[in-house]
Amino acid sequence: MKLAHHELKCQIEFFENEIQVLVIENQHAFAKYTKELYEEAKGMEGGFVLSKEGEIQIISKCMDIIFDYYSLQVNSRKVLSKLYANVKTQMNSGEYFKTTNELITEISTYLENIIGEFHLPLEYNVNFDLGGMLKVVDLRVQSNPETLIEKLADYMLAMKEFCGVNYFVFVGLKNYLSIDELKEFYQEIIYNKYGVLLIEGSEQRERLRMEKYYVIDQDLCEIY
């Protein structure tokens, strides 16, 4: 998988066992490119192109970009929407189809018996969808992270499992993690075979063995 921009010469290519790091030292360029990539990840148009073996990929369907690490939610609306859709599909297929219909019948009988206790005529939607039950029971991804690494790991796994997202862009992540924490996080990335790009405003620390660097300096010269 390759990520390119029509204004840049470099193409960021994702490989297994390798973390891509893009350092943009020019502040104007940093704001421009991160904003543009963020908008494309949300489904808007922009100058970035993601491709696989020459075939263009839709960025919003396979890549996520993360800025805010404090309010990051594993059980985001996007994840829960996909989770509920998957569970509803399971309810109405294969071995669960019969059980689902039996459960609907049981609930209908239960409601009819209760309704019969009242003097006023009552009604309900006889074609109710069991999918609504998922919200009632508050079905969600189990996640109780104690560290930022654990939160990121849970988030990425949920996005991969339910949304089909396997490529992640982290903006300014090195400001939040120590060298040892970065190494631990990289092992999680490599184990799950994620494609990951870190975008940083400066090169602050030593380069780690699994990192591949691309640099856009203050004069917008590209070094890689």
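Index from 1, following the sequence.
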field: Under 3.5 Å: donor-acceptor pair, side chain of E112, backbone of T109
entry: no

- prompt: L83, M91: one ILVMFWY side-chain cluster at the under-4.5 Å cut-off?
  reply: yes

- request: May I have the step-by-step check of side-chain hydrogen bond (donor to acceptor under 3.5 Å, both in side chains) for T89 and N86, ending in yes or no?
  value: CA-CA 5 Å; T89 298; N86 288 349; 5.4 Å; no

query: Hey, is the main chain of Y194 close enough, under 3.5 Å, to the side chain of N192 for a donor-acceptor pair?
result: no

field: Spacing of CZ belonging to F185 relative to OG1 belonging to T147, to within rounding of 0.5 Å
entry: 10.5 Å

query: Do other residues, nucleotides or ligands put more than 12 heavy atoms under 6.0 Å from Y214 OH?
result: yes

query: Under the 3.5 angstrom rule, does the side chain of N26 hit a backbone N or O of H28 as a donor-acceptor pair?
result: yes

message: Taking E55's backbone N and O only, do any of them form a donor-acceptor pair with Q57's side chain (distance below 3.5 Å, no angle check)?
response: yes

- prompt: Could you state the interatomic distance from CE (M44) to CG (L37), rounded to the nearest 0.5 Å?
  reply: 11.0 Å

- prompt: Between E7 and K32, does at least one N-O distance fall below 4.0 Å, as a salt bridge requires?
  reply: yes

message: Could you check whether E40 pairs with K35 (Lys NZ or Arg NE/NH1/NH2 to Asp/Glu carboxylate O, under 4.0 Å)?
response: no

task: Compare all side-chain heavy atoms of K88 with those of L134 and state whether any distance is below 4.5 angstrom.
output: yes

query: Can the ring centroids of F14 and Y167 be said to lie less than 6.0 angstrom from one another?
result: yes

task: Using modelled atom types only, decide if a donor and an acceptor are shared between the side chain of E106 and the backbone of E102 within a distance under 3.5 Å.
output: no

OH (Y96) with more than 12 external heavy atoms under 6.0 Å: no

message: For E211 and R205: C-alpha separation, side-chain torsions, deciding distance, then whether salt bridge (charged side-chain N to carboxylate O under 4.0 Å, His left out) applies.
response: CA-CA 12 Å; E211 293 177 332; R205 308 171 183 172; over 6 Å; no

message: Tell me whether E222 contacts the main-chain N or O of K9 through its side chain, where contact means a donor paired with an acceptor under 3.5 Å.
response: yes

- prompt: Heavy atoms, side chains only, cut-off 4.5 Å: are I216 and V23 in contact?
  reply: no

Any residue meeting side-chain hydrogen bond (donor to acceptor under 3.5 Å, both in side chains) with D154, in chain and number order, not counting sequence neighbours: S143

- request: Give the intermediate values and the outcome of side-chain hydrogen bond (donor to acceptor under 3.5 Å, both in side chains) for residues E36 and H5.
  value: CA-CA 10 Å; E36 201 167 339; H5 191 282; 3.1 Å; yes

field: side-chain hydrogen bond (donor to acceptor under 3.5 Å, both in side chains) between E18 and Q20, intermediate numbers included
entry: CA-CA 6 Å; E18 190 174 87; Q20 311 306 312; 2.9 Å; yes

message: Angle between ring planes, F170 versus Y69, binned at 30° and 60°: parallel, tilted or perpendicular?
response: parallel

message: Just verifying a value: how many Å separate L80 CG and Q73 CD, rounded to the nearest 0.5 Å?
response: 10.0 Å

query: Is a side-chain N or O of K212 found less than 3.5 angstrom from the main chain of I12, in a donor-acceptor match?
result: no

- request: Give a yes or no answer on whether the side chain of S81 reaches the backbone of R77 with a donor-acceptor pair at less than 3.5 Å.
  value: no

query: Does K2 have any side-chain hydrogen bond (donor to acceptor under 3.5 Å, both in side chains) partners at least two apart in sequence or in another chain, and if so, which?
result: none

- prompt: Would you say L50 and M63 make side-chain contact, with heavy atoms under 4.5 Å?
  reply: yes

- prompt: Is there a donor-acceptor pair under 3.5 Å between the side chain of N101 and the backbone N or O of N92?
  reply: no

